[in-house]
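Contents: one structure, followed by commentary.
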Amino acid sequence: MKTILMSYYDIDDFLKRSIINLQNKEWNNCYWGDTPFIKNCVCCFEGDKLVSYLSIVKKSIIYKKEEYVVAGLSEVITDIDYRCKGIGANTIKVAFDYIKKDNCDFSTFTCSKGLSNFYTKAGWKTADNLSIIGGTFSKPMNSNEMNLQTMIALFSDKAKTHSKDFENGELFLDIGEGKIW
Ligand SMILES: CC(C)(COP(=O)(O)OP(=O)(O)OC[C@H]1O[C@@H](n2cnc3c(N)ncnc32)[C@H](O)[C@@H]1OP(=O)(O)O)[C@@H](O)C(=O)NCCC(=O)NCCS
């Protein structure tokens, strides 16, 4: 097995097809395609076969009157035939270690409630009273209303100084219709 962190812009056609095939086993038409928010991805291969994948999303936001650079995870998946072998845990750990060093103020994203332990082992914490708002201003998607769990990790001095702000609130990402991290 080899796990590689790579630029999203370096994905060639073969890898793109592998990502779409992997995602289609779990979700319908999930592939984000060209989006300014996906900067990097983590791929785990057995030989030439893609067995685990995630994308790292990143953008600037204003939250409680402060500007932050925030990074999250999207499209986290392990091939169904390769699950429960620690591959996904390794994929998200590579992403966490990268985000921590990538000059982000903090990292946040949502997951189903049953998966929070999976992400806390890699370094994120649960933020039960912080809602992530995906979608757009006119068509918002509220993680709380979707019964999703918010995960968070604060990295910069600025984010840590304002840590109380992240204990509760609504963090609007403005990432496009139908999209949420
Ligand atoms: C979630 C997912 C990526 C985990 O991948 P994986 O390679 O099987 O994960 P690992 O083998 O590294 O599991 C690590 C730990 O997480 C736990 N875990 C894995 N999947 C889980 C799930 N669906 N629910 C609850 N716990 C889970 C494992 O039991 C394991 O715990 P342990 O360390 O106590 O044994 C995989 O199940 C998947 O692709 N699911 C479908 C897509 C999905 O739900 N993605 C997440 C979107 S937020």
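Quick note: numbers below take in every heavy atom, side chains included, and nothing from hydrogens, waters or symmetry partners. The chain is numbered in sequence order, starting from 1. Ligands are counted one by one from 1 in listed order, and the atoms in each one are counted from 1 as well.
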Does some side-chain heavy atom of Met6 sit less than 4.5 Å from a side-chain heavy atom of Cys43?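 With C-beta onward as the side chain, the pair touches.
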
Least distance between heavy atoms, Met1 atom then Ile87 atom: CE-CD1, 3.6 Å

Connecting only ILVMFWY residues whose side-chain heavy atoms lie within less than 4.5 Å of each other, what is the rest of Tyr9's hydrophobic cluster?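 Joined to Tyr9, directly or through intermediates: none.
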
What residues form a salt bridge (Lys or Arg N to Asp or Glu O under 4.0 Å) with Glu46, not counting sequence neighbours?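 With sequence neighbours excluded, Glu46 shows a salt bridge (Lys or Arg N to Asp or Glu O under 4.0 Å) to no residue whatsoever.
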
Please list, chain by chain and in numerical order, all residues satisfying salt bridge (Lys or Arg N to Asp or Glu O under 4.0 Å) with Glu177, sequence neighbours excluded.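 Partners of Glu177 under the salt bridge (Lys or Arg N to Asp or Glu O under 4.0 Å) test: Lys139.
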
Hey, what polar pairs (N/O, under 3.5 Å) does ligand 1 make with protein?
{"residue": "ligand 1", "atom": "5 (O)", "partner": "Thr78", "partner atom": "OG1", "Å": "3.2"}
{"residue": "ligand 1", "atom": "7 (O)", "partner": "Thr78", "partner atom": "OG1", "Å": "2.9"}
{"residue": "ligand 1", "atom": "7 (O)", "partner": "Gly88", "partner atom": "N", "Å": "2.7"}
{"residue": "ligand 1", "atom": "8 (O)", "partner": "Cys84", "partner atom": "N", "Å": "2.8"}
{"residue": "ligand 1", "atom": "11 (O)", "partner": "Cys84", "partner atom": "N", "Å": "3.3"}
{"residue": "ligand 1", "atom": "11 (O)", "partner": "Lys85", "partner atom": "N", "Å": "3.1"}
{"residue": "ligand 1", "atom": "11 (O)", "partner": "Gly86", "partner atom": "N", "Å": "2.8"}
{"residue": "ligand 1", "atom": "12 (O)", "partner": "Gly88", "partner atom": "N", "Å": "3.4"}
{"residue": "ligand 1", "atom": "12 (O)", "partner": "Ala89", "partner atom": "N", "Å": "2.7"}
{"residue": "ligand 1", "atom": "33 (O)", "partner": "Lys121", "partner atom": "NZ", "Å": "3.2"}
{"residue": "ligand 1", "atom": "34 (O)", "partner": "Lys121", "partner atom": "NZ", "Å": "2.8"}
{"residue": "ligand 1", "atom": "39 (O)", "partner": "Thr78", "partner atom": "N", "Å": "2.9"}
{"residue": "ligand 1", "atom": "39 (O)", "partner": "Thr78", "partner atom": "O", "Å": "3.4"}
{"residue": "ligand 1", "atom": "39 (O)", "partner": "Arg83", "partner atom": "NE", "Å": "3.4"}
{"residue": "ligand 1", "atom": "39 (O)", "partner": "Arg83", "partner atom": "NH2", "Å": "3.4"}
{"residue": "ligand 1", "atom": "45 (N)", "partner": "Val76", "partner atom": "O", "Å": "2.8"}

Going by the side chain to side chain donor-acceptor pair (under 3.5 Å) test, name the single residue among Thr78, Asp79, Asn90 that passes it with Ser52. Thr78

